[in-house]
Amino acid sequence: SIDGIARCAPHESAYHSESSPSGYLSISYPSGNVDSDRDLYEPRFFYHHREALISLLPLLNSPLQEKIQDLLEFIESSHGTVYSEADKLLSQGLIHRDHLEMLFCPNDIVVSRQSGSLSASVLRSWPVGNSVLTLHCWAWGFDGQWLHRKPNVRTVSRPLKNVVQIRNLEAFPLQYATDEEKSTLYLRGQKFWDLKYKTFSSYEGWDFQGEQYYVSFIRPACHHRKY
């Protein structure tokens with residue numbers, strides 16, 4: 001039942017990747033050792049799946065329904081206070097430094113400006129680290145012929161203050177982005193995706209580093225039939 005509603009694997013050991021010499025990903029998860037860890041469910045996994053489990057209850061038959069109910073009661077008794085504290089802050093766009101890991105869930109879209117410009121990537125696995133969280137992500141990349149999942153890494157420093165604005169972090173889930181940021185990412189992504197097909201594209205303006213200015217130039221061409 002849990003596997004049927006899961007947005008991700010419950011344990012970080014279920015994820016692994018293989019990189020080709022070109023730097024693009026050949027992603028395969030869950031990994032071979034997932035069998036030994038399939039019963040390991042981290043508290044943050046249940047934090048992101050509580051509502052789904054509650055919604056699932058009316059659809060289940062006893063005794064499975066009773067088992068899920070017992071699980072939810074155990075989660076509430078053991079982690080309910082922490083979850084409630086996190087919920088309250090997240091609803092205000094805030095995060096406590098002790099709850100930083102709970103902000104991210106695999107397969108979430110993560111927004112970042114670490115590369116100098118606004119970017120979005122898919123979080124591949126659970127964040128790892130202590131004073132600095134490492135987010136292993138992927139985004140679509142082009143190798144000159146094909147589109148591939150290209151790996152990238154984002155880092156988030158654990159704040160010195162107890163409570164901070166989520167948007168002040170180096171990377172944060174897409175749901176905390178502004179409508180303008182979401183629109184920018186969507187339109188840019190759509191243009192990139194359109195390059196799968198024959199299309200004309202031109203750009204005029206500075207590169208993202210502000211070092212070179214590109215001028216859009218279109219040369220008209222006339223074709224005459226020769227006899």
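As a basis for the values below, the full set of heavy atoms in this structure was taken, side chains included, without hydrogen atoms, waters or symmetry mates. All values derive from a computational prediction rather than experimental measurement. In this chain, residues are counted from 1 in sequence order.
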Check: Donor-acceptor pair, Ser183 side chain versus Asp179 backbone, under 3.5 Å?
Finding: no
Item checked: Whichever hydrophobic residues join Phe74 through chains of side-chain contacts under 4.5 Å -> none
Check: Quick one: salt bridge (Lys or Arg N to Asp or Glu O under 4.0 Å) partners of Arg188, sequence neighbours excluded?
Finding: none
Next item on the list: Would you mind reporting whether Arg7 and Asp108 have side-chain heavy atoms less than 4.5 Å apart?
Entry: yes
Margin query: Using side-chain contact (heavy atoms from CB on, under 4.5 Å), reason through Lys150 and Trp138 one step at a time and then give a plain yes or no.
Written below: CA-CA 5 Å; Lys150 188 172 184 179; Trp138 69 266; over 6 Å; no
Note to self: Are more than 12 heavy atoms, taken from residues, nucleotides or ligands other than Glu180, located less than 6.0 Å from that residue's CD atom?
What the structure shows: no
Note to self: Please report the interatomic distance CG(Leu53) to CZ(Phe46), rounded to the nearest 0.5 Å.
What the structure shows: 7.0 Å
Checklist line | Summary of side chain to side chain donor-acceptor pair (under 3.5 Å) pairs that have at least one residue in residues 95-104, sequence neighbours excluded | finding: Glu101-Arg158
Next item on the list: Starting at NE2 of His48, measure out to CE of Met102 and round the result to the nearest 0.5 Å.
Entry: 7.0 Å
Next item on the list: Considering non-hydrogen atoms only, spot the tightest contact between Ser121 and Ala139 and give its length.
Entry: OG-CB, 4.0 Å
Next item on the list: Can you measure from OG (Ser119) to CG (Asn152) and round to the nearest 0.5 angstrom?
Entry: 7.0 Å
Note to self: Test side-chain contact (heavy atoms from CB on, under 4.5 Å) on Leu103 and Leu169; report intermediate values, then the result.
What the structure shows: CA-CA 11 Å; Leu103 182 61; Leu169 299 172; 3.6 Å; yes
Next item on the list: Measure the OG-CZ distance between Ser117 and Arg113 for me, rounded to the nearest 0.5 Å.
Entry: 8.0 Å
Item checked: Leu56 with Ile54, same ILVMFWY side-chain cluster at under 4.5 Å -> yes
Acceptor/donor pairs from residues 60-70 side chains to any protein atom, 3.5 angstrom cut, sequence neighbours excluded:
residue, atom, partner, partner atom, Å
Ser62, OG, Glu66, OE2, 3.0
Gln65, NE2, Leu57, O, 2.7

Next item on the list: Could you identify which residues cluster with Leu94, counting Ile, Leu, Val, Met, Phe, Trp and Tyr as linked when any side-chain heavy atoms lie under 4.5 Å apart, either directly or through a chain of such contacts?
Entry: Leu89, Val163
Checklist line | Rounded distance [0.5 Å steps], CZ in Phe104 versus SG in Cys137 | finding: 8.5 Å
Review item, side-chain donor-acceptor pairs of residues 171-178, under 3.5 Å, at least two apart:
residue, atom, partner, partner atom, Å
Thr178, OG1, Glu181, N, 3.1
Thr178, OG1, Glu181, OE1, 3.4

Next item on the list: For residues Phe45 and Ala6, report the shortest heavy-atom separation together with the two atoms involved.
Entry: CZ-CB, 4.0 Å
Next item on the list: Any chance you could lay out the side-chain contact (heavy atoms from CB on, under 4.5 Å) test for Leu133 and Leu100, step after step, and finish with the verdict?
Entry: CA-CA 9 Å; Leu133 291 188; Leu100 189 60; 3.6 Å; yes
Notebook entry, point to check: What residues, two or more places apart in sequence or in another chain, satisfy side chain to side chain donor-acceptor pair (under 3.5 Å) together with Tyr47?
Noted result: Asp87
Next item on the list: Could you check Val153 against Leu135 for side-chain contact (heavy atoms from CB on, under 4.5 Å), going step by step and ending with a plain yes or no?
Entry: CA-CA 6 Å; Val153 174; Leu135 311 180; over 6 Å; no
Check: What's in the same ILVMFWY side-chain cluster as Tyr186, cut-off under 4.5 Å, chained through other members?
Finding: Leu187
Notebook entry, point to check: Listed by chain and number, what are the side chain to side chain donor-acceptor pair (under 3.5 Å) partners of Gln190, not counting sequence neighbours?
Noted result: Asp194
Check: Can you list the residues that meet the side chain to side chain donor-acceptor pair (under 3.5 Å) rule with Thr155, with sequence neighbours excluded?
Finding: Gln114
Next item on the list: Could you list the residues that satisfy side chain to side chain contact (heavy atoms under 4.5 Å, CB included) with Asn168, not counting sequence neighbours?
Entry: Gln165
Next item on the list: Look up atom SG in Cys105 and atom CZ in Arg44, then write down how far apart they are to the nearest 0.5 Å.
Entry: 9.5 Å
Item checked: With Ser157 via side chain to side chain contact (heavy atoms under 4.5 Å, CB included) - residues at least two apart -> Val132, Glu170
